[in-house]
Amino acid sequence: MRTIHSDAIVSAVAEICQEAAFRLPADVRRALEEARGTEKSPLGLSILGQITENADLAERERVPMCQDTGVAVYFVELGNQVHIEGLGLAEALAEGTLQGYTEGYLRMSIVKDPLFERVNSKTNGPPVVHVELVPGDRLRITLAPKGGGSENMSAMAMLKPLVGKEGVADFVVETVRRAGGNACPPIIVGLGLGGNFERAPYLAKKALLRKLGSVHPDPRYAAFERELLEKVNATGVGPQGLGGRTTALAVHIEAAPCHIASLPVAVNLNCHAARHASVEL
Amino acid sequence: MKKITLPLSDQDARTLQAGDEVLLTGTLYTARDAAHKRICELLAAGSPLPFELEGATLYFVGPTPAQPGRPVGSAGPTTSTRMDAFSPTLIAHGLRGMIGKGDRSPAVVEAMKAHGCVYFAATGGAGALIARCIKSSELVAWEDLGTEAIRRMEVEDLPAVVAIDCEGKNLYHTGPAAWAQG
């Protein structure tokens, strides 16, 4: 067993909270730059120019690129040979979030109760934590802060298996069209297929973590991702929903086996400020 | 790029066309849904508002806390649909400009046409860029709302586009229709 003290987790998490808010990942930055080369709408181009300038400014001046610094969503890969000493993992992630959001002057955006006490928790917690047990003695933490605009326009459906690819494509395109400018396009579309009712949205969110420009390992899904991206961009929604060719930078799919009677489909939209940061302990 | 002064004159409001890119300079007030709700309650009770609504422009924003030495943190627009239930009332009471992101409800557009109000879209997610255009920020009311409190801001050359104009022309409809393929 390898022992990791929770203090190390807290300080590492505080650091990645700030890095994620200030620095747009290089793959997203590159995809936006490429979009500037292909966008034909003058207004769309002007907006893409603002977005890349904003990313540069945020990184240089260490200002959050977006005021919605989001729900802190953690994907944790916990080695089965790791023993955490001190605080528990959930507490350490919550404490790191509080420290990072406080030190970085990030916005606390969580209310204590969804219905009865919509009062700011002032900790940006509790965070959303997904833990996967993996072999080995490492602890890898990825933070993907998620803003409300694009999250609110995400959707889930239990489709009939016979609707097939066309049915899935219709649902994806309709979700993107309905989201319009609210999701802050150009977006990244995370598509979770299969699993079950709670698994599909998790897969959709996980799909958003894949590097832009990477190709799905299954050629059938790689082709479907390209087809969906073309369909999404043919809607004309464009940057900020005001018209153009660049509605999405990518469509990423995560698929999983599912029940014979089901075709769970979840579409998690991510705004162009597709923030994430990782640390390995 | 048209340079526009805030507060908007009635003439500017009626001359701006959907699709116009503008740089906004002058005074605006911030408000999100919680503040809108309170404004509407005061209007219903006939009570005075904490700021002059007649001719005002509201920016739908909840900034990050200001870092030391800066007037404001990151400050991009939030989604405007959450204000749709309240905006027609505010427009009927003199609100002349709104800045946010995303399409508005038919009821909001009807009120804009009836009273002469413009809806500007600022670039969602460009919070650092927009913050640079905000020269000062001062709390006006409802500190308990935190980031959602009403603030008076002086802005200079804040980039935006006229998304819906006084005649009801709507770039969220015409823009995608013009660029749709197949």
Side-chain angles (χ1 to χ4, degrees), chain A residues 21-22 40-44 46-47 50-51 53-69 102 104-109 118 120 122 147-149 152-153 177 179-185 230-231 233-245 247 271-273, chain B residues 1 18-21 30 32-34 61-68 70 72-82 100-104 121-132 144-148 159-164 170-182:
Chain A
F22 303 148
K40 302 284 185 241
S41 149
L43 177 59
S46 165
I47 290 167
Q50 283 183 36
I51 290 170
E53 192 185 342
N54 181 69
D56 293 343
L57 195 62
E59 182 168 349
R60 195 167 65 237
E61 300 196 358
R62 290 182 69 78
V63 175
M65 67 187 83
C66 178
Q67 75 292 339
D68 189 348
T69 46
T102 305
Y105 293 87
L106 311 186
R107 196 180 80 182
M108 307 293 189
S109 307
R118 290 195 68 93
N120 201 305
K122 298 188 174 169
N152 285 345
M153 303 315 291
R177 203 191 298 275
N182 294 9
C184 281
E230 269 179 35
K231 284 197 159 107
N233 284 336
T235 58
V237 166
Q240 294 296 303
L242 296 168
R245 299 270 165 87
T247 302
C271 60
H272 58 78
Chain B
M1 285 277 191
D20 286 348
E21 285 191 77
T30 69
R32 290 171 41 121
D33 32 339
V61 62
T64 59
Q67 291 163 331
R70 295 179 194 266
V72 70
S74 189
T78 194
T79 308
S80 305
T81 51
R82 295 197 316 279
K101 68 166 169 97
D103 200 3
R104 309 304 305 273
T123 298
L129 187 75
I130 293 171
R132 203 170 51 169
D144 62 300
L145 293 181
T147 184
E148 304 199 44
V161 55
V162 177
I164 306 175
N170 187 340
L171 196 59
Y172 286 106
H173 300 171
T174 59
W179 290 96
Q181 293 169 301

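The analysis underlying the following values was restricted to heavy atoms, covering all of them including side chains, and did not include hydrogens, waters or symmetry mates. Here the structure is a predicted model, which is why all the values come from computation and not from measurement. Residue numbering restarts at 1 for every chain, and letters A, B, ... go by the order of the sequence lines.
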Q. When heavy-atom pairs shorter than 4.5 Å are enumerated against chain B, which of A:N120, A:L43, A:N54 gives the highest number?
A. A:N54
Q: Please state whether the side chain, the backbone, both or neither of B:A177 comes within less than 4.5 Å of a heavy atom of chain A.
A: neither
(Q) Restricting to non-hydrogen atoms, name the atom on A:G241 and the atom on B:P176 that form the minimum distance, rounded to 0.1 Å. (A) O-CG, 3.5 Å
Q.
Taking side chain as everything from C-beta outward and backbone as N, CA, C, O, which of these in A:S41 sits under 4.5 Å from a heavy atom of chain B? Side chain, backbone, both or neither.
A. both
Q. Okay, side chain of A:Y105, backbone of B:T64: is any donor-acceptor separation there less than 3.5 Å?
A. no
Q | Side chain / backbone / both / neither for B:A126 at chain A, heavy atoms under 4.5 Å | A | both
Q. Picking from B:G102, B:G146, B:G73, which has the most non-hydrogen pairs under 4.5 angstrom with chain A?
A. B:G102
Q.
Between B:A34, B:A128, B:G175, B:G127, who has the most heavy-atom pairs with chain A when the cutoff is under 4.5 Å?
A. B:A128
Q.
Less than 4.5 Å to any heavy atom of chain B: does that hold for the side chain of A:N182, its backbone, both, or neither?
A. both
Q: Go through the atoms of B:T123 and report whether side chain, backbone, both or neither lie under 4.5 Å from a heavy atom of chain A.
A: both
Q. Which heavy-atom pair separates B:S74 from B:A131 by the least distance, and what is that distance?
A. CA-CB, 4.3 Å
Q: Answer with side chain, backbone, both or neither: which region of B:S80 has an atom nearer than 4.5 Å to a non-hydrogen atom of chain A?
A: neither
Q. Non-hydrogen atoms of chain B under 4.5 Å away: do they reach the side chain of A:R177, the backbone, both or neither?
A. neither
Q. So how far is it from A:Q67 CD to A:S109 OG, rounded to the nearest 0.5 Å?
A. 9.0 Å
Q) So, for B:P63 and B:T147, which heavy atoms are closest and what is the spacing to 0.1 Å? A) O-OG1, 2.8 Å
Q) A:D68 and A:G148: which non-hydrogen atoms are nearest, and at how many Å? A) OD2-N, 2.7 Å
Q) For B:E21, is it the side chain, the backbone, both or neither that has a heavy atom under 4.5 Å from a heavy atom of chain A? A) side chain
Q. When you check the side-chain N and O atoms of B:K101 and B:T79, is any donor under 3.5 Å from an acceptor?
A. yes
Q) Is there a donor-acceptor pair under 3.5 Å between the side chain of B:T174 and the backbone N or O of B:N170? A) yes
Q: State the CD1-CZ distance between B:I164 and B:R104, to the nearest 0.5 angstrom.
A: 7.0 Å
Q.
Ignoring hydrogens, what is the shortest heavy-atom contact between B:I130 and B:P77? Give both atom names and the distance.
A. CD1-CD, 3.9 Å
Q) chain B: which of A:G149, A:C66, A:G180, A:G181 shares the most heavy-atom pairs with it under 4.5 Å? A) A:C66
(Q) Quick check on A:I51 against chain B: is it the side chain, the backbone, both or neither that has a heavy atom closer than 4.5 Å? (A) side chain
Q.
Please find the pair of heavy atoms, one from B:P159 and one from A:Q50, that lie closest to each other, and give the distance.
A. CB-NE2, 3.8 Å
(Q) Between B:R82 and chain A, with a heavy-atom cut-off of 4.5 Å, which part of the residue counts as in contact: side chain, backbone, both or neither? (A) neither
Q.
Please rank A:K231, A:M65, A:R107 by heavy-atom pairs under 4.5 Å with chain B and give me the top one.
A. A:R107
Q. Hey, which of A:K40, A:R245, A:E53 has the most heavy atom pairs under 4.5 Å with chain B?
A. A:R245
Q: Select one option (side chain, backbone, both, neither) describing which atoms of B:A122 are under 4.5 Å from chain A's heavy atoms.
A: backbone
